[in-house]
Number of protein chains: 2
Amino acid sequence: MRISAKADYAVRASVELAAATDSSPVSAEALASAQDVPHRFLEAILRDLRREGIVASRRGAGGGYVLARAADAVTVADVVRAVDGPLVYVRDQRPSDLDYSGSAASLLHVWVALRANVRAVLEQVTLADLAGGSVPDEVRALVSDDEAWENP
Amino acid sequence: MRISAKADYAVRASVELAAATDSSPVSAEALASAQDVPHRFLEAILRDLRREGIVASRRGAGGGYVLARAADAVTVADVVRAVDGPLVYVRDQRPSDLDYSGSAASLLHVWVALRANVRAVLEQVTLADLAGGSVPDEVRALVSDDEAWENP
DNA sequence: TAGTATCCGACTAAAACGATAGGGTATGTT
DNA sequence: AACATACCCTATCGTTTTAGTCGGATACTA
């Protein structure tokens with residue numbers, strides 16, 4: 001269960017855009033240096049985000065990227081899905097497409113519950129939350145538990 | 001965020017062992033055909049599980065594998081970690097090792113909350129639960145929501 | 001028309017993934 | 001003792017994914 005560099009970079013760039021309040025486009029170069037991400041790689045990621053309707057772009061001098069929607073209408077899940085596809089899948093299949101037989105039948109429920117709990121976090125946090133330096137109460141509750149910070 | 005074939009197979013084989021009540025070893029071959037998994041591949045996985053103390057093995061005729069601990073003392077998280085390492089990591093680092101600066105600082109909290117919610121499922125379900133065809137109430141509550149079964 | 005910055009497709013090195021192969025070693029049965 | 005069973009270990013292998021890079025085309029501004 002890993003979050004790819006691509007997803008991490010995509011969210012960071014999107015948050016940076018959400019934080020740029022003055023509605024003028026931000027260049028890929030500026031985003032790359034602000035978040036310390038390889039510029040050419042970020043360009044490719046931003047193209048994905050544009051194709052998925054997360055950001056809009058303007059070419060030419062003074063061009064760059066802006067969010068295509070309001071920052072509070074874009075969740076982390078939206079951004080991750082745009083670059084990496086489905087949030088959770090098992091052996092390249094969606095949980096609901098799996099077919100378990102025998103004593104492992106209930107395992108399907110585990111994967112579905114897992115996905116539900118992943119969604120509960122990533123679909124709750126918006127770019128506006130992150131740009132504002134805060135997270136929803138439900139998420140804060142999760143991280144306020146000391147156990148959440150331990151590496152078992 | 002994918003669950004690898006290895007992790008899926010490992011859990012299924014472990015559940016099969018938990019369901020084999022008569023404490024005599026089950027061969028890799030028998031587990032492989034019961035769960036429809038490549039036999040040689042499963043053997044490699046079982047070796048990982050043994051090294052991590054999840055299963056015990058006996059060699060020779062009539063040999064095979066048994067759970068090394070009671071089925072209600074082994075969680076799905078234990079099995080997944082044994083074959084795939086840490087449950088959640090971002091760009092090959094544990095969330096707590098990440099270093100975010102600028103407007104994406106709160107993103108760290110999102111990844112930590114994500115991991116906490118993943119744990120809340122996988123550390124709660126034991127092999128005994130699955131072998132018994134049921135899951136803990138907290139997990140059942142998650143899957144009873146119709147939304148949990150939809151592919152967005 | 002010069003400069004800026006996005007857009008596009010191809011490309012690459014390295015790692016991960018999903019296995020498979022060949023032989024060695026311990027254990028039980030006859 | 002011979003034999004069959006079944007785990008054990010190392011190595012290999014083809015494909016896909018990951019994380020980037022490169023060269024140039026296209027669009028927009030001043």
Side-chain angles (χ1 to χ4, degrees), chain A residues 1-13 17 20 24-68 80 83-86 89-93, chain B residues 1-13 17 20 24-68 80 83-86 89-93:
Chain A
M1 304 263 316
R2 65 192 304 253
I3 302 293
S4 67
K6 213 167 153 183
D8 182 57
Y9 294 163
V11 177
R12 282 157 62 188
L17 285 179
S24 65
V26 184
S27 72
E29 177 62 49
L31 292 171
S33 75
Q35 285 295 324
D36 197 32
V37 167
H39 159 241
R40 294 289 246 174
F41 190 33
L42 184 59
E43 238 178 40
I45 292 167
L46 286 163
R47 244 177 294 137
D48 286 343
L49 293 178
R50 191 194 51 117
R51 270 192 282 265
E52 297 295 324
I54 308 286
V55 304
S57 61
R58 196 150 70 204
R59 281 149 79 129
Y65 299 86
V66 288
L67 286 181
V80 173
V83 296
D84 272 357
Y89 47 103
V90 180
R91 291 168 48 226
D92 295 328
Q93 299 191 322
Chain B
M1 304 262 316
R2 64 191 306 242
I3 302 294
S4 66
K6 215 166 151 182
D8 183 57
Y9 294 163
V11 177
R12 282 157 61 189
L17 285 179
S24 65
V26 184
S27 72
E29 179 61 49
L31 292 171
S33 75
Q35 286 295 324
D36 196 32
V37 167
H39 158 242
R40 293 289 248 177
F41 190 33
L42 183 59
E43 239 179 39
I45 292 168
L46 286 163
R47 245 177 294 132
D48 286 344
L49 293 178
R50 191 194 48 118
R51 269 192 283 265
E52 297 295 324
I54 307 286
V55 304
S57 61
R58 195 150 71 206
R59 281 149 78 128
Y65 298 87
V66 289
L67 286 182
V80 173
V83 296
D84 272 357
Y89 48 101
V90 180
R91 291 167 48 227
D92 295 326
Q93 299 190 324

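All values below were derived from every heavy atom in this structure, side-chain atoms included, with hydrogens, water molecules and symmetry-related copies excluded. If you're wondering where the values come from, they're calculated on a predicted model, not measured in any experiment.
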Round to a whole Å and report the spacing from [atom1] of [X] to [atom2] of [N].
X       : N      : atom1 : atom2 : answer
A:Asp48 : C:dG9  : CG    : P     : 12 Å
A:Phe41 : C:dT12 : CZ    : P     : 18 Å
B:Ile45 : D:dC8  : CD1   : P     : 14 Å
B:Leu42 : D:dC8  : CG    : P     : 12 Å
B:Leu46 : D:dC9  : CG    : P     : 13 Å
B:Asp92 : C:dA15 : CG    : C1'   : 9 Å
B:Leu49 : D:dC9  : CG    : P     : 14 Å
B:Asp36 : C:dA19 : CG    : P     : 11 Å

Between [X] and [Y], what is the shortest heavy-atom contact and its length?
X       : Y       : answer
A:Arg91 : B:Arg2  : CA-NH2, 4.4 Å
B:Leu42 : B:Ala28 : CD2-O, 3.8 Å
B:Leu31 : B:Ala13 : CD2-O, 4.0 Å
B:Gly53 : B:Ala68 : O-CB, 3.5 Å
A:Val83 : A:Ala10 : CG1-CB, 3.9 Å
B:Pro25 : B:Val66 : CA-CG1, 3.7 Å

**Item:** DNA chain D: 5'-proximal contact among A:Ala44 and B:Ser27 (nearest heavy atom)
**Value:** B:Ser27
**Fill in**
Contact string for nucleotides 23-30 of chain D, one letter per nucleotide 5' to 3', B = base within protein heavy-atom range under 4.0 Å, S = sugar-phosphate only, - = neither, reads BB-BBBS-
**Asked** 5'-most contact on DNA chain C: A:Arg2 or A:His39, nearest heavy atom basis?
**Response** A:His39
**Prompt:** Which listed nucleotide (D:dC9, C:dT6, C:dG9) is nearest to the side chain of B:Arg47?
**Reply:** D:dC9
**Request:** Check every atom of D:dG20, C:dT20, D:dA19 against the side chain of B:Pro38 and return the nucleotide holding the closest atom.
**Result:** C:dT20
**Prompt:** Taking everything shown except A:Arg58 itself, do over 12 heavy atoms lie less than 6.0 Å from its CZ?
**Reply:** no
**Asked** Can you find a side chain N or O atom of A:Tyr9 that sits less than 4.0 Å from OP1 or OP2 on D:dG20?
**Response** yes
**Message:** Between B:Ser4 and C:dA16, is there a contact of a side-chain N or O with OP1 or OP2 at under 4.0 Å?
**Reply:** no
**Message:** Classify A:Arg91 by what it touches in the nucleic acid, base, sugar-phosphate, or nothing, heavy-atom distance under 4.0 Å.
**Reply:** nothing
